[in-house]
Asker: 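Below is one structure. I have some questions about it.
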There are 2 protein chains.
Amino acid sequence: MDIIISNSSGEPIYEQIVSQVKAQIMSGELAEGDALPSMRALAQSLRISVITTKRAYEELERDGFIESFTGKGSFVKRQNRELLREEYLRQTEALITQVCDKARTGGVTLEELHELLDIIYNSEAQD
Amino acid sequence: MDIIISNSSGEPIYEQIVSQVKAQIMSGELAEGDALPSMRALAQSLRISVITTKRAYEELERDGFIESFTGKGSFVKRQNRELLREEYLRQTEALITQVCDKARTGGVTLEELHELLDIIYNSEAQD
DNA sequence: ATAGTGTATATACTCGATATACACATTATA
DNA sequence: TATAATGTGTATATCGAGTATATACACTAT
């Protein structure tokens with residue numbers, strides 16, 4: 001499982017883990033029943049504390065994405081992929097709202113936003 | 001000067017003050033030489049500590065938007081409005097990048113993004 | 001037994017927000 | 001004109017929430 005931690009983003013480490021696991025579930029890289037790396041193994045490879053990986057896994061478990069068993073490990077639960085997609089859609093809408101607020105205040109027009117959207121959407125690194 | 005504090009946003013109070021003052025400079029509500037409310041007056045009207053308003057004013061002063069004089073007050077400095085607009089443009093682009101990342105992961109298409117942008121841009125409260 | 005899992009407790013550090021006391025400028029008024 | 005009173009910005013020490021941690025504990029499989 002590939003997880004990349006950025007120290008400069010300001011986003012908590014455990015949240016970065018959570019969102020990247022969700023993204024991999026969304027993309028199908030992680031499917032139902034798949035074993036996640038053990039908390040210790042992940043902590044070691046990211047050079048962080050076990051407690052931080054545990055916190056990430058706890059949040060994923062609380063939200064119904066994975067299940068953990070003492071002595072055995074952590075595993076991906078059966079997913080309602082459509083539910084996840086809706087979550088992403090909500091988050092996307094929230095971000096677009098921020099974009100519009102910022103743009104209006106700064107005198108950026110709707111047309112400019114559409115242009116920027118095309119440019120940025122197509123210029124980003126693909127998987 | 002109208003400043004509105006939201007406790008639910010998660011954004012620090014002093015940052016909310018900073019961004020709203022910048023927005024008012026951008027819109028022309030605050031012009032060169034205008035006096036800002038005193039740190040105490042603003043603190044009292046927002047029911048927050050003087051130290052928090054001071055912190056906001058410090059950041060505005062550090063970034064060259066206002067000037068403070070002990071015993072006299074705080075005043076709007078001469079502005080390069082074009083510089084401010086560019087700052088907003090940069091922030092807008094950064095937000096759009098986040099939008100595209102989130103959208104891609106969630107399987108939201110570019111066409112859907114354009115539609116959402118039109119809807120949200122036009123549905124937001126106008127000044 | 002041993003080595004692999006997840007779990008729980010107590011601790012340190014950062015950052016937003018604060019109360020309180022201090023220093024300077026203007027204004028009222030004696 | 002002198003000076004007390006009020007209004008301005010400033011500085012120090014402290015609290016609380018949230019992130020990340022070291023260490024020790026409990027369970028499972030081999």
Side-chain angles (χ1 to χ4, degrees), chain A residues 1 3-22 24-25 30 32-77, chain B residues 1 3-22 24-25 30 32-77:
Chain A
M1 196 175 67
I3 300 265
I4 295 161
I5 297 303
S6 160
N7 298 317
S8 58
S9 76
E11 191 187 13
I13 295 174
Y14 73 90
E15 278 295 349
Q16 296 185 41
I17 297 173
V18 167
S19 60
Q20 290 184 44
V21 168
K22 283 186 187 174
Q24 294 186 20
I25 290 175
L30 281 176
E32 175 182 353
D34 283 358
L36 291 146
S38 77
M39 296 177 180
R40 273 182 186 71
L42 183 60
Q44 196 161 21
S45 80
L46 298 179
R47 298 174 203 281
I48 59 176
S49 164
V50 186
I51 301 165
T52 303
T53 54
K54 171 168 174 51
R55 179 157 181 190
Y57 282 21
E58 265 176 350
E59 186 166 327
L60 287 165
E61 184 156 20
R62 182 171 47 66
D63 293 354
F65 293 100
I66 69 172
E67 243 172 342
S68 293
F69 305 94
T70 300
K72 301 184 69 175
S74 302
F75 305 88
V76 178
K77 282 180 73 175
Chain B
M1 194 176 68
I3 300 267
I4 293 161
I5 297 302
S6 160
N7 298 317
S8 59
S9 75
E11 192 187 13
I13 295 174
Y14 74 91
E15 278 295 348
Q16 295 184 41
I17 297 173
V18 167
S19 60
Q20 290 183 43
V21 168
K22 282 185 186 173
Q24 294 185 20
I25 289 175
L30 282 177
E32 176 183 353
D34 284 358
L36 291 145
S38 76
M39 295 176 181
R40 274 181 185 73
L42 183 60
Q44 197 161 19
S45 80
L46 297 179
R47 298 174 202 282
I48 59 175
S49 164
V50 187
I51 300 164
T52 304
T53 55
K54 172 168 174 49
R55 178 155 182 193
Y57 281 20
E58 265 175 351
E59 186 166 327
L60 286 165
E61 185 156 19
R62 182 171 46 68
D63 293 354
F65 293 100
I66 69 172
E67 244 172 342
S68 295
F69 305 94
T70 302
K72 301 184 68 175
S74 301
F75 306 88
V76 178
K77 281 180 73 176

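So you know, we letter chains A, B, ... as the sequences are listed, proteins then strands, and number each from 1. Computation of the quantities below employed the complete heavy-atom set of this structure, encompassing side-chain atoms and omitting hydrogens, waters and symmetry-equivalent molecules.
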Asker: Nearest nucleotide by nearest heavy atom, which residue falls closer to the 5' end of DNA chain C, B:Ile51 or B:Tyr14?
Answerer: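 Comparing both residues, the 5'-ward one is B:Tyr14.
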
Asker: Are B:Arg62 and B:Glu58 close enough for a salt bridge, meaning some N to O gap below 4.0 Å?
Answerer: no

Asker: Looking at B:Ser19 and B:Glu15, would you say the former's side chain and the latter's main chain have a donor-acceptor pair under 3.5 Å?
Answerer: yes

Asker: For B:Ile13 and A:Leu36, take the nucleotide of DNA chain C holding the closest heavy atom to each; which residue's nucleotide lies nearer the 5' end?
Answerer: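 Result: A:Leu36.
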
Asker: What I want to check is whether an N or O donor and acceptor connect the side chain of A:Arg40 with the base of C:dG4 at under 3.5 Å.
Answerer: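 Flag unset: no donor-acceptor pair detected.
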
Asker: Could you walk me through whether B:Ile17 and B:Glu59 pass the side-chain contact (heavy atoms from CB on, under 4.5 Å) test, one step at a time?
Answerer: CA-CA 10 Å; B:Ile17 297 173; B:Glu59 186 166 327; over 6 Å; no

Asker: B:Met39 CE to C:dA23 P: how many Å, rounded?
Answerer: 18 Å

Asker: Check the surroundings of atom CD in A:Gln44: do more than 12 heavy atoms from other residues, nucleotides or ligands lie under 6.0 Å from it?
Answerer: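 Counting neighbours around CD of A:Gln44, 12 or fewer heavy atoms of other residues, nucleotides or ligands fall under 6.0 Å, so no.
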
Asker: For the side chain of A:Glu61 and the backbone of A:Ser68, is there at least one donor-acceptor N/O pair under 3.5 Å apart?
Answerer: yes

Asker: For the side chain of B:Gln24 and the backbone of B:Met1, is there at least one donor-acceptor N/O pair under 3.5 Å apart?
Answerer: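 Checking the backbone N and O of B:Met1 against the side chain of B:Gln24, no donor-acceptor pair under 3.5 Å is found.
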
Asker: Counting N and O atoms only, with roles assigned by atom type, does the side chain of A:Glu67 sit under 3.5 Å from a partner on the main chain of A:Val76, one being a donor and the other an acceptor?
Answerer: no

Asker: Please report, rounded to the nearest Å, how far the P atom of D:dG18 is from the CD atom of B:Glu11.
Answerer: 17 Å

Asker: Give me the residues of residues 62-76 of chain A where at least one heavy atom lies under 4.0 Å from an atom of DNA chain D, by number, or none.
Answerer: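 DNA chain D contact set from residues 62-76 of chain A: A:Thr70, A:Gly71, A:Lys72.
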
Asker: Without swapping roles, check the side chain of A:Gln20 against the backbone of A:Ile4 for a donor-acceptor pair under 3.5 Å.
Answerer: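 Confirmed, A:Gln20 side chain pairs with A:Ile4 backbone.
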
Asker: Whole angstrom is fine here: how far is it from CG in A:Asn7 over to C1' in C:dC13?
Answerer: 16 Å

Asker: In residues 52-61 of chain A, which ones come under 4.0 Å of DNA chain D, going by heavy atoms?
Answerer: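 Listed by number, they are A:Thr52, A:Arg55.
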
